[in-house]
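Numbering of residues begins at 1 and proceeds along the displayed sequence.
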Amino acid sequence: MKKPLPKKKGRPVNPNLLPTVSVSIRLTEELLEKLDKISSDEGRSRTKQIEIIVKQFVERNKS
């Protein structure tokens, strides 16, 4: 017979979520305005736009 798995404590974890890291960036007023313009043109939030830019950067600079 199988032993029952012990119950996990704490919040349930959504298995569909990817592990993420929180970062803080400093942008000049000019860069922030450009980011806002791109975000509004694309219909995305500022956070989502930054995420896309970082993904593109990482893909381009893979070794």
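- I50 and L32 fall within the same hydrophobic cluster, defined by Ile, Leu, Val, Met, Phe, Trp and Tyr side-chain heavy atoms under 4.5 Å apart, directly or through other members.
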Should E59 and Q56 be marked as a side chain to side chain contact (heavy atoms under 4.5 Å, CB included) after you check the CA-CA gap, both sets of side-chain angles, and the distance that decides it? CA-CA 5 Å; E59 287 299 314; Q56 290 171 346; 5.8 Å; no
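- Both L31 and I53 are assigned to one and the same hydrophobic cluster, defined by single-linkage of ILVMFWY side chains at heavy-atom distances under 4.5 Å.
- Remark: D36 CG to D41 CG distance equals 10.5 Å, nearest 0.5 Å.
- Here the shortest heavy-atom pairing between S39 and R46 reads OG-CA, 3.7 Å.
- Interatomic distance, T28 OG1 to E33 CD, rounded to the nearest 0.5 Å: 8.5 Å.
- Between V23 and V54 the shortest side-chain heavy-atom distance does not fall below 4.5 Å.
- Linking ILVMFWY side-chain heavy atoms closer than 4.5 Å, directly or via other members, places I25 and V58 in a single hydrophobic cluster.
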